[in-house]
Amino acid sequence: MESLTGKVALVTGSSRGIGRSIALEIAKAGASVVINYTNNEKEAIKTLEEIRKIGRAAIIVKADVSVYEQAKMLINSAIEHFGKIDILINNAGVSYIGLFMDMNEKQWERIINVNLNGVINCSHNVIPHMVSKKAGCIVNVSSMWGNVGASCEVIYSASKGAVNLFTKALAKEMAPSNIRVNAVAPGVIDTEMNSFLNKEEREALEEEIPIGKFGKGEDVGKTVVFLCSDAAKYITAQIITIDGGMN
Ligand code: NAP
């Protein structure tokens with residue numbers, strides 16, 4: 001197993017779903033974790049309890065990453081508590097399923113603000129800290145739809161496509177400072193984000209996946225741990241797709 005012993009990782013949106021799985025896998029690999037959420041304190045506490053059971057240190061910071069000042073407060077709180085941030089996982093995200101022509105401005109602004117500006121806000125605040133240490137690792141949680149685009153998820157796809165190019169460009173800018181920036185692009189992962197699917201829709205979707213089933217949060221979490229470890233020290237500016245062969 002890859003080791004992250006002694007590292008401090010901030011995982012945005014880690015109260016539930018993929019973010020919680022990433023936080024747990026990172027903790028299992030030996031790191032201390034900063035858990036972030038925006039609404040669901042009860043679930044964030046569950047993540048905290050699970051990490052403490054593993055025997056790692058963790059704190060919870062409530063912050064809406066789509067708001068620059070809150071992202072700044074999140075990064076500063078983590079550094080105040082643990083003295084540093086070695087790893088930033090930009091995972092917080094929201095989706096919207098429906099025709100683009102039926103969407104209104106408020107709906108697409110929210111998706112862009114959380115999925116793209118949230119990544120920008122947290123990265124912008126953590127980078128000066130990482131530059132001063134000449135070390136750091138950022139992993140953005142994108143989506144396979146950011147690679148290929150999806151009908152009825154037009155703005156979501158656009159937000160994730162932008163995250164992919166933000167990742168590649170930032171990686172090139174930060175490489176001389178020994179900061180690696182990568183993204184993971186999950187396919188269909190079994191979380192609340194897909195809870196709108198009924199049994200028939202779920203089965204139809206599973207048939208489209210060559211591996212034949214939805215992915216699990218831990219599939220994403222283990223890839224993130226690898227990307228943050230020394231085993232990946234020559235890997236930067238990459239988008240790693242985790243989709244069971246779907247795209
Ligand atoms: P989820 O189960 O809906 O969980 C979303 C998480 O993000 C929650 O912890 C939520 O906090 C947090 N969050 C939402 N808006 C936030 C904000 N403004 N500030 C801070 N935290 C915020 O979603 P998921 O399925 O785990 O998705 C996680 C990431 O993976 C997203 O970026 C998503 O686009 C991406 N992804 C998911 C799938 C999939 O199939 N599930 C596939 C590809 C990519 P609260 O609990 O407080 O609401």
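Order of appearance sets the numbers: ligands from 1, and atoms from 1 within every ligand.
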May I have the list of side-chain donor-acceptor pairs in residues 34-42 shorter than 3.5 Å, sequence neighbours left out?
from: N36; atom 1: OD1; to: G13; atom 2: N; distance (Å): 3.0
from: N36; atom 1: ND2; to: V61; atom 2: O; distance (Å): 3.2
from: N36; atom 1: ND2; to: A63; atom 2: O; distance (Å): 3.1

Could you list the donor-acceptor pairs under 3.5 angstrom formed by side chains in residues 96-108, with sequence neighbours left out?
from: N104; atom 1: OD1; to: K106; atom 2: N; distance (Å): 3.1
from: N104; atom 1: OD1; to: Q107; atom 2: N; distance (Å): 2.9
from: Q107; atom 1: OE1; to: N104; atom 2: N; distance (Å): 2.9

Which atom pairs, donor and acceptor, lie under 3.5 Å between side-chain atoms of residues 124-138 and protein residues at least two apart or in another chain?
from: H124; atom 1: ND1; to: Y68; atom 2: OH; distance (Å): 2.7
from: N125; atom 1: OD1; to: Y68; atom 2: OH; distance (Å): 3.4
from: N125; atom 1: ND2; to: N121; atom 2: O; distance (Å): 2.9
from: H129; atom 1: NE2; to: I85; atom 2: N; distance (Å): 3.0
from: S132; atom 1: OG; to: H129; atom 2: O; distance (Å): 2.7
from: K134; atom 1: NZ; to: P176; atom 2: O; distance (Å): 3.2

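A salt bridge links E43 with R20: the closest approach of a Lys/Arg side-chain nitrogen to an acidic carboxylate oxygen falls below 4.0 angstrom.
No side-chain N or O of T12 forms a donor-acceptor pair with one of N91 less than 3.5 Å apart. Side-chain polar atoms of S66 and N113 form no donor-acceptor pair below 3.5 angstrom.
The protein residues lying under 4.0 angstrom from ligand 1, judged by non-hydrogen atoms, are G13, S14, S15, R16, G17, I18, N36, Y37, T38, N39, N40, A63, D64, V65, N91, A92, G93, V94, V114, V141, S142, S143, Y156, K160, P186, G187, V188, I189, T191, E192, M193, N194.
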